[in-house]
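Working notes for the structure below.
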Amino acid sequence: MTESLDAPRLAAWRAYIEASQRLFTRLEEDLRADSTLSFADYHVLVLLSEAPDQRLRMGELAGRLVFSPSRLTYQISSMQRRGLVAREPCPEDRRGSEAVLTAAGLLTLREAAPHHLRSVRAHLMDDLDDAEVACLTRIFERLGRRLRADRDASTPHPDN
């Protein structure tokens, strides 16, 4: 037997869902204005960039997504055609597969990150309390450190 939601809780859930949809629509529009990525593309690339060896099992990736996991196969196929990710057999599971970040995907993520960060700040900062701002700041700082380290590692250094 499932518990039904009373009217105030149902109204609160509807308000949350509507606000989330508006936010993701704004982020999607802003990100696409400065990049070829959708918000879903961006989220997949960030998750893969943070994963060990920049690869994740499809099931694990599905569990971390902000969008519907049922959309993952389509999303990965679309990104694969654009060269942002590769799909490879999973060594631990012969029936499974992994999504792997490509060099082109990492470069695209690096280029899109500043636009996305500006968009998130523009749409969220006025509505967040201090603890939420601190949490988001830590996340973005960690992503920025990772992108800078990857950039530095991939940039050839001239011999002195």
Side-chain angles (χ1 to χ4, degrees), residues 16-17 19-125 128 131-160:
Y16 167 76
I17 290 167
S20 297
Q21 289 172 337
R22 281 193 308 275
L23 172 64
F24 285 124
T25 299
R26 286 189 211 130
L27 292 174
E28 178 86 11
E29 289 167 356
D30 287 357
L31 189 58
R32 280 197 187 263
D34 292 312
S35 170
T36 59
L37 294 179
S38 68
F39 184 77
D41 292 337
Y42 182 84
H43 191 65
V44 168
L45 293 177
V46 167
L47 289 173
L48 290 175
S49 74
E50 294 176 343
D53 300 323
Q54 297 182 331
R55 63 177 54 232
L56 281 172
R57 286 185 188 179
M58 294 295 283
E60 188 177 355
L61 182 58
R64 296 181 183 188
L65 295 174
V66 294
F67 59 89
S68 167
S70 62
R71 183 177 166 196
L72 180 60
T73 301
Y74 167 79
Q75 191 69 39
I76 293 296
S77 296
S78 169
M79 294 175 74
Q80 193 172 4
R81 283 191 300 276
R82 292 179 287 148
L84 302 175
V85 299
R87 194 167 175 175
E88 297 178 357
C90 180
E92 293 110 28
D93 179 3
R94 290 181 299 161
R95 294 171 292 150
S97 61
E98 294 178 324
V100 181
L101 183 65
T102 64
L106 185 58
L107 178 62
T108 302
L109 176 61
R110 286 181 190 150
E111 291 170 351
H115 305 295
H116 185 64
L117 297 181
R118 276 196 307 274
S119 177
V120 169
R121 286 184 183 121
H123 293 299
L124 291 180
M125 289 309 188
L128 298 176
E132 291 167 324
V133 170
C135 179
L136 274 179
T137 301
R138 283 193 305 274
I139 291 168
F140 290 137
E141 286 174 349
R142 191 174 83 199
L143 176 59
R145 282 193 303 272
R146 172 67 184 257
L147 292 172
R148 282 190 298 278
D150 287 345
R151 181 192 62 224
D152 292 344
S154 66
T155 303
H157 296 285
D159 295 327
N160 292 339

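Source: prediction; values computed, not measured.
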Minimal non-hydrogen separation, [X] against [Y], with atom names:
X	Y	result
Leu61	Leu47	CD1-CD1, 3.8 Å
Ser97	Arg87	OG-NE, 3.1 Å
Ala104	Gly83	CB-O, 3.6 Å
Ile76	Ala99	CD1-CB, 4.0 Å

(Q) Tell me whether Thr102 contacts the main-chain N or O of Leu84 through its side chain, where contact means a donor paired with an acceptor under 3.5 Å. (A)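 Yes: the side chain of Thr102 pairs with the backbone of Leu84.
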Q) Sub-3.5 Å donor-acceptor pair from the side chain of Ser78 to the main-chain atoms of Tyr74, do we have one? A)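 It does not hold such a pair.
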Side chains of [X] and [Y], heavy atoms from C-beta outward: is any pair under 4.5 Å?
X	Y	result
Glu111	Leu37	no
Asp41	Arg82	yes
Leu48	Leu106	no

Out of curiosity, [X] [atom1] to [Y] [atom2], how far, rounded to the nearest 0.5 Å?
X	Y	atom1	atom2	result
His43	Leu109	NE2	CG	12.0 Å
Leu56	Gln54	CG	CD	10.5 Å
Leu101	Glu50	CG	CD	11.0 Å

Q: Quick one: which residue pairs count as a salt bridge (Lys or Arg N to Asp or Glu O under 4.0 Å) with a foot in residues 97-108, not counting sequence neighbours?
A: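 Qualifying pairs: Arg55-Glu98.
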